[in-house]
Amino acid sequence: MRTCRATAAGKLTVVLATLALAVAGCGGGPSPRAWASSVCSALAPWRSEISRLTSSTDQQMTAQTTPAQAKENLVRLFDGAENASETARRQVEEAGVPEAEHGEEISAGFQSALGEMRDAYGRAGDTIEGLSTGEPTVFYDGVRAAVETLNKEYDASTLDTSRLNSEELRQAFDEVPECR
């Protein structure tokens, strides 16, 4: 009889553990604080890289280089920004959907904004790649136009945590150390 009870108890434990895993899997996204921490951890290196690339782009615009050298450097810089934006977008996607009101919408909004930024950098790089370097004035006018378009597209897709539709997430972004 003892063996029977032990076996039944073991089976019950397995069933309860399976149910617990199933219930956790049904709605179990990360908590607002955990999600905000993951998102800010993804965005911190992205912001640093974008800042570095922006500074390098400004230097390229004023440096005494040939149009061909400037073109090569700018295309590389914009490719770097495009890749950094995709890395951040993918990390936000991997953070999952937070267990918060409007969690799915907010997560999708972050991913969309980063995707739009990625695409803006890609278009700027493609535009500069297509510029002829034969006439320096024409080349640099084309670069300025590409950068102006990039800035407009970038501003239109800015991440703004103050407009979150979830009080839980707004509070989490204000409180977690990774977001400060």
Side-chain angles (χ1 to χ4, degrees), residues 12-61 74-128 146-180:
L12 180 60
T13 302
V14 170
V15 169
L16 290 176
T18 303
L19 282 174
L21 287 173
V23 168
C26 285
S31 71
R33 288 180 63 88
W35 189 78
S37 176
S38 294
V39 168
C40 289
S41 293
L43 295 180
W46 172 77
R47 284 185 182 128
S48 294
E49 180 68 1
I50 297 302
S51 178
R52 185 188 71 72
L53 292 169
T54 300
S55 176
S56 294
T57 301
D58 291 343
Q59 290 172 2
Q60 284 301 311
M61 294 296 289
L74 288 168
V75 167
R76 186 175 54 250
L77 290 170
F78 288 129
D79 283 349
E82 181 181 18
N83 291 333
S85 297
E86 174 54 21
T87 297
R89 189 208 60 77
R90 192 173 44 252
Q91 289 174 338
V92 169
E93 179 181 33
E94 290 168 358
V97 175
E99 279 292 318
E101 186 177 359
H102 306 290
E104 188 149 341
E105 173 188 338
I106 293 166
S107 176
F110 271 81
Q111 292 174 56
S112 176
L114 287 163
E116 290 170 15
M117 289 177 202
R118 173 204 59 214
D119 295 346
Y121 283 119
R123 282 189 294 275
D126 291 346
T127 298
I128 291 170
V147 170
E148 286 175 15
T149 299
L150 170 65
N151 287 335
K152 288 176 188 171
E153 291 176 348
Y154 189 90
D155 289 343
S157 60
T158 300
L159 292 171
D160 184 3
T161 58
S162 69
R163 295 188 331 215
L164 293 174
N165 294 331
S166 165
E167 185 57 39
E168 294 168 293
L169 286 173
R170 189 176 300 119
Q171 184 176 352
F173 275 101
D174 288 341
E175 292 176 355
V176 296
E178 294 84 357
C179 295
R180 292 185 188 157

>> Working note: Val147 + Phe78, criterion side-chain contact (heavy atoms from CB on, under 4.5 Å); need CA distance, chi angles, decisive distance, verdict.
In response: CA-CA 10 Å; Val147 170; Phe78 288 129; 4.2 Å; yes

Atom [atom1] in [X], atom [atom2] in [Y]: separation rounded to 0.5 Å?
{"X": "Glu105", "Y": "Ser112", "atom1": "CD", "atom2": "OG", "value": "11.5 Å"}
{"X": "Leu43", "Y": "Ser48", "atom1": "CG", "atom2": "OG", "value": "10.5 Å"}
{"X": "Arg33", "Y": "Glu168", "atom1": "CZ", "atom2": "CD", "value": "12.5 Å"}
{"X": "Met117", "Y": "Leu150", "atom1": "CE", "atom2": "CG", "value": "10.5 Å"}
{"X": "Asp174", "Y": "Leu169", "atom1": "CG", "atom2": "CG", "value": "11.0 Å"}

>> Can you tell whether the side chains of Arg90 and Glu93 come within less than 4.0 Å, N to carboxylate O?
In response: no

> In terms of side-chain geometry, is the basic nitrogen of Lys152 or Glu148 positioned less than 4.0 Å from the acidic oxygen of its partner?
Replying inline: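 So Lys152 does not pair with Glu148 through a salt bridge.
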
Of the non-hydrogen atoms in [X] and [Y], which two are nearest, and what is the gap between them?
{"X": "Gly125", "Y": "Val75", "result": "O-CG2, 3.9 Å"}
{"X": "Ser166", "Y": "Glu101", "result": "CB-O, 3.1 Å"}
{"X": "Val92", "Y": "Phe110", "result": "CG1-CB, 3.8 Å"}
{"X": "Phe173", "Y": "Cys179", "result": "O-CB, 3.2 Å"}
{"X": "Gln111", "Y": "Arg89", "result": "O-CG, 3.3 Å"}
{"X": "Ser107", "Y": "Gly96", "result": "OG-O, 3.3 Å"}

Please check this pair: side chain of [X] against backbone of [Y], looking for a donor-acceptor N/O pair closer than 3.5 Å.
{"X": "Ser51", "Y": "Arg47", "answer": "no"}
{"X": "Arg180", "Y": "Glu175", "answer": "yes"}
{"X": "Thr127", "Y": "Arg123", "answer": "yes"}

>> I want to check something: taking the side chain as every heavy atom from C-beta on, are Pro98 and Ile106 in contact at a cut-off of under 4.5 Å?
In response: no

> Any side-chain heavy atom of Asp119 sitting closer than 4.5 Å to one from Ser85?
Replying inline: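 When only atoms from C-beta onward are counted, Ser85 and Asp119 do not touch, as no gap falls below 4.5 Å.
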
>> Before you tell me yes or no, could you show the steps for Gln91 and Thr87 under side-chain hydrogen bond (donor to acceptor under 3.5 Å, both in side chains), namely the whole-Å CA-CA distance, both residues' side-chain angles and the distance that decides it to 0.1 Å?
In response: CA-CA 6 Å; Gln91 289 174 338; Thr87 297; over 6 Å; no

> Tyr154 vs Tyr121 aromatic rings, parallel, tilted or perpendicular, using cut-offs 30° and 60°?
Replying inline: perpendicular

> Stepwise, does the side-chain hydrogen bond (donor to acceptor under 3.5 Å, both in side chains) test hold for Ser37 with Glu178?
Replying inline: CA-CA 6 Å; Ser37 176; Glu178 294 84 357; 3.1 Å; yes

